[in-house]
Number of protein chains: 2
Amino acid sequence: MAVTIGEVAKAAGVSVSTVSRALNTPDLVNAVTRQRVKDAADRLGYAPNPAARSLREGRTESLGLLIPDITNPFFPPIFKAMQERAKRQGYTLLVADSDEREADELETIAAVSKKVDGLVLWASMLPEERLAELAARMPVVLVNRHVPGVVEVHVSLTDGIAQAAEHLKAYGHQQCVFVDGNGNRPDQSRSKSIREAFDAHGLGLIEIGPYEPRFETGVHAAPLVLAHGATAVLAHNDLVAMGVLHQLAALGASVPADVSVVGIDDTLLASVSTPSLTTIRIAPDEVATKAIDLLIGLAHGRQPAQPVTEVGSRLIPRGTTGPASRATFARRDDA
Amino acid sequence: MAVTIGEVAKAAGVSVSTVSRALNTPDLVNAVTRQRVKDAADRLGYAPNPAARSLREGRTESLGLLIPDITNPFFPPIFKAMQERAKRQGYTLLVADSDEREADELETIAAVSKKVDGLVLWASMLPEERLAELAARMPVVLVNRHVPGVVEVHVSLTDGIAQAAEHLKAYGHQQCVFVDGNGNRPDQSRSKSIREAFDAHGLGLIEIGPYEPRFETGVHAAPLVLAHGATAVLAHNDLVAMGVLHQLAALGASVPADVSVVGIDDTLLASVSTPSLTTIRIAPDEVATKAIDLLIGLAHGRQPAQPVTEVGSRLIPRGTTGPASRATFARRDDA
DNA sequence: ATGAAAGCGCTAACAA
DNA sequence: TTGTTAGCGCTTTCAT
């Protein structure tokens, strides 16, 4: 067992309460005693036992983050930023991956909830009532789910999508395809805001899906894009976009000469693809900071003024978008 | 505060020790009492307070995993597999990202070590003595670091590299470039085993680097590959390989017709690239399982028979490797 | 300014 | 088979 407060007390020739005070509320102890205690603590390599402290205080100084799938390259930067932010405020961040399965998510929450002071639930699969219940029992911040009365950070793609529409319009595109990869996840369909933005810019939009947000979805979608005679594709996310790029190449269509492609998320995939992928970026640091700050606030009993915090997005133009081809690939094929 | 063992005891009309026993060592209590206790516990939604249990038991039922950078797509599957494995044995896995900075790593270890029963340190940046010290104080499993006497899982690229050499040889390649992206990380240079394997197969090998393991390293390396007249590249990892692919395309060289490219790690990048990337795979589940099992063993006082456990690798042939071009790209350029 | 002691929730002696 | 109780390490009254 490690060194305890009692041993420090003995070494410094004071009582345990003095040690506790010297370390936690230094103003309450005489300067020389304080120094003596601190020296002893350093010398012995004392560190408070978090379990004892938690038991006494009823707080763990830890936060939990539940995400659907850490292998989705969208999440690691988020986690990293949250961990950073939490650490700066003296909290440890505990991540858990729910694998997008409701049962696993429940199990994980059960296992983790008692070990943390609050939870960030990202795109939870749980039904609304369950989330409401949970939020009534402990501090909870939802991301990309909406439950009335529960604190939420809402990642809005509106700006990024509008910019994408404008970008494609400026390049002369007229007919686009949106590859929906939302499956049947709650509260997250991107379809509506995309339709609105494209309508507003007078761009033709064909939606296909919903499918699962996988590479193969993009592969599947690519020939449909050509068949529809569209010159641009907006994919559900970067991974799907990569599938589109892959299959367009296999079909002999070049990007962006024949077809322009836009992703969503600005993951590592976007920057390493060839050509590099035009995509819509949500500032991971901003979401992370807001969610963590809100959660720590809740853990300290501070309810935010607004239950919903918005985080914006923007287009990152890269190499997969360009002028619309005069003849669509399909028609050119006929020639 | 949540429901305690005392409340369950009262509800069931028994003492707290009976509740504890009914839940932890059911054989020690009368069947009907046991049932009564369990019912009461369920009804009240009782879950033991982990802080109290930890304090009492001296164990946390948590494990820590320290990795250099979670945004490296190599790690998420590892984490996921470890979390899975740990969960199955009743442990919570706590990941922390050290950002490849020794100071951060130390700080993180300080923050986390008291909250867990043991640590998996992946490619730690700490000096050997520090690791030895730490391992003397608590259960530690090293991955990709070697410190005498400390339990270690060693990921061996030997098999995968040998298969890559054989694969390239069979395709008629004669001159290859290895892009070293190891920087100055301890114990992890891939150079030696690569040289040995290529020598053994009579393949010419030019090493460039060491650089940092980044996309830009691959971009930088691509023209050098052509300048050396090589027809194949083995990159430090998939990310570097992606850089090579990107820049080869920019230089007008096609893959695999002009140059074959092999990565290492078999990350998501490899499967989504165009063409898909031939790479060397280390089974993430195997490393994860071994490391976690070893660590849990140590936490229970079981020293492994062998301090070092080996995990192998194998080549995953995909679309970036093919027959060597008769004329190298550089020479063809002269024509 | 400092010390003594209670008590957070739990498990495991020890008693009965 | 069950109950009583000590004690894990810590913070915080309450005294002094």
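As a basis for the values below, the full set of heavy atoms in this structure was taken, side chains included, without hydrogen atoms, waters or symmetry mates. So you know, we letter chains A, B, ... as the sequences are listed, proteins then strands, and number each from 1. Just so you know, these numbers come straight off a predicted model, no measurement behind them.
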If the threshold is 4.0 Å, N to carboxylate O, is there a salt bridge linking B:R185 and B:E100?
yes
A:T33 side chain N/O closer than 4.0 Å to the phosphate oxygens (OP1, OP2) of C:dT2?
yes
Would you mind writing out the side-chain donor-acceptor pairs for residues 118-129 of chain B within the sub-3.5 Å range, not counting sequence neighbours?
residue: B:S124; atom: OG; partner: B:E105; partner atom: OE2; Å: 2.6
residue: B:S124; atom: OG; partner: B:L126; partner atom: N; Å: 3.0

Is the closest side-chain donor-acceptor distance between B:K115 and A:T92 under 3.5 Å?
yes
Would you find a donor on one side and an acceptor on the other, under 3.5 Å apart, between the side chain of B:D117 and the backbone of B:T60?
yes
Presence of A:T18 side-chain N/O under 4.0 Å of C:dG3 phosphate oxygens OP1/OP2:
yes
Output yes when a side-chain donor or acceptor of A:D285 lies under 3.5 Å from a complementary backbone atom of A:A81, and no otherwise.
no
Contact class for A:S54 vs. all strands (heavy atom < 4.0 Å): base, sugar-phosphate, or nothing?
nothing
So does A:R101 get a backbone contact from the side chain of A:D99, meaning a donor-acceptor N/O pair under 3.5 Å?
no
CG of A:L28 versus P of D:dT11: gap in Å, rounded?
13 Å
Table of protein N/O atoms under 3.5 Å from nucleotides 10-13 of chain C N/O atoms:
residue: C:dC10; atom: OP1; partner: B:Y46; partner atom: OH; Å: 2.6
residue: C:dC10; atom: OP1; partner: B:N49; partner atom: N; Å: 3.1
residue: C:dC10; atom: OP2; partner: B:I5; partner atom: N; Å: 2.4
residue: C:dT11; atom: OP1; partner: B:N24; partner atom: ND2; Å: 3.0
residue: C:dT11; atom: OP1; partner: B:R53; partner atom: NE; Å: 2.9
residue: C:dT11; atom: OP1; partner: B:R53; partner atom: NH2; Å: 2.9
residue: C:dT11; atom: OP2; partner: B:S20; partner atom: OG; Å: 3.0
residue: C:dT11; atom: OP2; partner: B:N24; partner atom: ND2; Å: 3.4
residue: C:dT11; atom: O3'; partner: B:E57; partner atom: OE1; Å: 3.1
residue: C:dT11; atom: O2; partner: B:R56; partner atom: NH1; Å: 2.2
residue: C:dA12; atom: O4'; partner: B:R56; partner atom: NH2; Å: 3.1

Please report the distance, rounded to the nearest Å, between CD in B:E7 and P in C:dC8.
11 Å
With nearest nucleotides of DNA chain D determined for B:V32 and A:A51 from heavy-atom distances, which residue corresponds to the more 5′ nucleotide?
B:V32
